[in-house]
Amino acid sequence: MADHIESVLTEKRSFPPSDEFASRAHIRSRAEYDALVSRARENPEAHWEAIARELHWFKPWSQALDWSNPPFAKWFTGATTNLSYNCLDRHLTTHRKNKAALIWEGEPGDIRILTYQMLYQEVCKFGNVLKKLGVERGDRVALYMPLVPELAIAMLACARIGAVHTIVFGGFSAEALRDRINDAKAKLVVTADGGWRRGQVVPLKANVDAAIENTPTITGVVVYRRCGNSIVMKAGRDHDWGEMMAAVDARCPAEELDSEHPLFILYTSGTTGKPKGVLHTTGGYMTGAYITTKWVFDLREEDTYWCTADIGWVTGHSYVVYGPLANGAASVMYEGAPNHPDPGRFWQIIERHGVNIFYTAPTAIRAFIKWGEQWPAKSDLKSLRLLGTVGEPINPEAWMWYREVIGGGRCPIVDTWWQTETGAIMITPIPGAVPTKPGTATLPFPGIDAEVVDKQGKPVPPNSGGYLVVRKPWPSMMRTIFGDDERYKRQYWSEFPGCYFTGDGARRDSDGYFWIMGRVDDVINVAGHRLGTMEIESALVSHPAVAEAAVIGKPDDLKGESVFAFVTLKQGQEGTPALRDELKAWVVKEIGAIARPDDIRFADLLPKTRSGKIMRRLLREIASGKATGDTTTLEDRSVLEKLRAQEEEE
Ligand code: PRX
């Protein structure tokens with residue numbers, strides 16, 4: 001880690017909530033918010049218990065938090081509950097029974113609406129399908145699907161019977177899918193023939209076929225027919241979703257699960273080549289996803305809520321499915337690309353369904369800006385009352401554009417900071433109470449003890465950069481890395497003893513607001529998706545021509561960061577343009593299109609310290625064409641000269 005983090009942004013604009021918004025909000029003023037925060041600070045457990053009581057538990061807890069064996073937390077110990085029950089059954093005895101739970105649009109324009117009652121029926125049936133295929137409590141089920149209601153149905157069905165889902169984003173390759181299935185030791189895969197993306201079919205089933213050639217634990221595949229593309233069904237192994245659903249009963253009681261029963265594993269990138277299986281459990285995750293959805297989005301019964309994330313990422317888990325449904329909300333899901341058939345698609349969806357709350361990523365906002373204001377101008381966006389962003393820092397100008405052009409100057413923006421590991425939003429404005437400023441996620445959610453510290457773990461003074469940590473456990477925190485407790489300890493709890501280390505750098509301004517400065521480790525953020533540079537390096541090095549690779553993030557106007565690879569070749573190999581293309585395609589095959597290097601530069605040697613560590617800072621400076629700083633620890637200076645010279649040639 002660097003000794004010192006420099007922070008350069010200064011931003012003076014501030015936007016207090018309007019009286020109109022605040023007067024109808026869940027939390028209506030700064031005073032109310034401050035009182036809540038201080039109560040939560042005095043007794044965090046009582047705070048989380050009060051929230052948890054808004055949900056259904058079959059059996060109450062005997063202890064709110066068991067922190068006797070840190071960093072392994074147990075929340076609501078002794079209690080039993082079921083998240084599927086809380087998302088469905090709980091609403092069926094109320095006016096929500098026939099309310100829209102999911103409002104779904106397919107990319108080709110087809111629309112399906114499932115009420116809570118309808119969704120409940122489908123989830124029960126699919127729960128029985130899973131059982132029929134031998135899935136039992138605790139078994140892992142991999143979901144590799146397009147953004148169709150059946151993905152949410154499959155998740156809720158797993159949660160209902162106590163199976164653990166592990167969703168693999170449909171953009172990942174067969175190889176990436178195989179690695180995740182093997183790490184999770186999944187029993188079953190649920191997939192679709194294909195999914196629509198910009199008018200093309202993504203061949204999901206074909207990828208599954210390739211992936212499970214080497215997955216010893218898989219006993220079956222369920223295939224939902226989405227695109228009608230031709231697929232091979234292997235008798236005895238592959239099962240048709242529709243046929244299975246027609247043959248089962250619609251009664252499937254929600255299992256009474258221990259609060260700490262595993263709910264899902266979601267793989268995310270870290271600083272090694274191997275993705276980490278972040279494990280979340282039932283009761284605490286449910287509590288966090290529920291209350292953050294309610295307070296951060298200021299959700300009201302009549303709202304139409306749309307989070308544009310793919311369910312393959314944590315944002316989709318918490319804010320397309322579990323958080324909104326636990327609140328009885330109407331959640332919009334859109335299958336395809338934002339610019340299909342034209343760049344007005346999102347705005348048409350907002351108008352068509354009267355969306356009130358819209359939650360998206362800065363990378364999408366930058367694309368909207370590039371496509372131009374004429375697209376949102378064609379649609380009526382007056383239904384919107386709240387906007388949100390997540391996934392990476394948003395630059396103040398993009399924030400202002402979002403506010404003015406999409407929000408008509410009247411909608412608060414919630415810039416929400418959190419991670420796969422945190423399960424739920426951690427730093428965010430509460431929209432009726434906390435004035436926002438462009439570019440900052442503002443303040444910790446009530447009950448979250450976040451701080452910015454120096455290398456020794458001491459809080460830094462206002463406006464100095466440091467490391468973002470969380471000092472107390474919270475209900476929706478990850479419980480471990482699946483199958484690797486040691487790595488969990490080492491990765492998150494060893495840098496700052498007693499604190500969870502996020503891997504992000506940040507500063508707090510004189511109002512105490514948190515300004516996230518990005519990752520301090522070897523993780524890059526491409527279009528809001530976390531990629532470990534090591535993962536891409538491992539993929540490159542697995543190519544027969546490559547000797548060594550170093551991957552860094554290069555600042556990119558649209559994607560936040562682009563993938564820039566420095567590659568040294570084996571003896572006798574030549575760095576031709578054809579090889580460059582081949583290596584790009586190789587990474588796509590190994591990981592998926594999101595990891596495709598935008599630039600590859602061939603080098604004879606990589607700049608290393610005397611201890612042999614690749615000097616990524618230097619590579620970053622070379623990639624962005626900046627003057628290079630301190631090179632005193634560099635082993636071989638001529639390497640640098642050669643890399644720079646190549647830059648001029650190109
Ligand atoms: O670096 C932070 C950035 O995204 C990382 C978490 O990535 P992931 O686990 O994929 O989850 C993304 C969606 C929750 C963080 O460590 N990040 C996320 N939200 C923000 C952010 N950076 C700045 N501002 C945010 N609002």
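For ligands, and for the atoms within them, numbers begin at 1 and follow the listed sequence. Just so it is clear, the values below take in all heavy atoms, side chains as well, and ignore hydrogens, waters and symmetry mates.
- If you look at A441 next to ligand 1, there are no close heavy atoms at all, none under 4.0 Å.
- Judged by distance alone, with hydrogens and angles left aside, the side-chain atoms of R508 form no donor-acceptor pair with the main-chain N or O of F514 at under 3.5 Å.
- Considering both main-chain and side-chain atoms, D415 comes within under 3.5 Å of ligand 1 through a nitrogen or oxygen pair.
- A ring-centre distance under 6.0 Å is found for F264 and Y285.
- The ligand atoms of ligand 1 that sit less than 4.0 angstrom from a heavy atom of R530 are 5 (C), 6 (C), 7 (O), 8 (P), 9 (O), 10 (O).
- Considering both main-chain and side-chain atoms, T416 comes within under 3.5 Å of ligand 1 through a nitrogen or oxygen pair.
- Atoms of ligand 1 lying under 4.0 Å from any heavy atom of N525, numbered from 1 in the order shown and given with element: 3 (C), 4 (O).
- Among protein heavy atoms, atom 2 (C) of ligand 1 sits closest to D504 OD2, 2.9 Å.
- For Y402 and F368, the gap between ring centers reaches or exceeds 6.0 Å.
- Taking the ring centroids of W474 and Y500, they lie under the 6.0 Å cut-off.
- By the criterion of a heavy-atom distance under 4.0 Å, the backbone of E392, and not its side chain, is placed next to ligand 1.
- Heavy-atom contacts of T315 reach the following atoms of ligand 1: 13 (C), 14 (C) (cutoff under 4.0 Å).
- Within the 4.0 Å heavy-atom criterion, the part of I516 lying near ligand 1 is the side chain and not the backbone.
- Residue contacts with ligand 1 include G391, since one or more of its heavy atoms lies under 4.0 Å from the ligand.
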Next on the checklist: salt bridge (charged side-chain N to carboxylate O under 4.0 Å, His left out), that's the test. Do R519 and E561 meet it? Break it down for me.
Outcome noted: CA-CA 12 Å; R519 302 289 306 187; E561 285 184 291; over 6 Å; no
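- Residues D485 and K489 are not paired through a salt bridge, judged by the lack of any N-O separation under 4.0 Å between the basic side chain and the carboxylate.
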Next on the checklist: Determine whether D484 and K276 satisfy the following criterion, salt bridge (charged side-chain N to carboxylate O under 4.0 Å, His left out), listing intermediate values before the conclusion.
Outcome noted: CA-CA 9 Å; D484 201 344; K276 307 175 275 198; over 6 Å; no
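- Centroid-to-centroid, the aromatic rings of F346 and W371 stay 6.0 Å apart or farther.
- With a 4.0 Å cut-off on non-hydrogen atoms, R519 touches ligand 1 through its side chain and not its backbone.
- The closest side-chain heavy-atom distance from W75 to R479 is below 4.5 Å.
- Near W418, meaning under 4.0 Å from one of its heavy atoms, ligand 1 places the atoms 6 (C), 14 (C), 15 (C), 18 (C), 19 (N).
- Among protein heavy atoms, the minimum distance from atom 9 (O) of ligand 1 is reached at T420 OG1, 2.6 Å.
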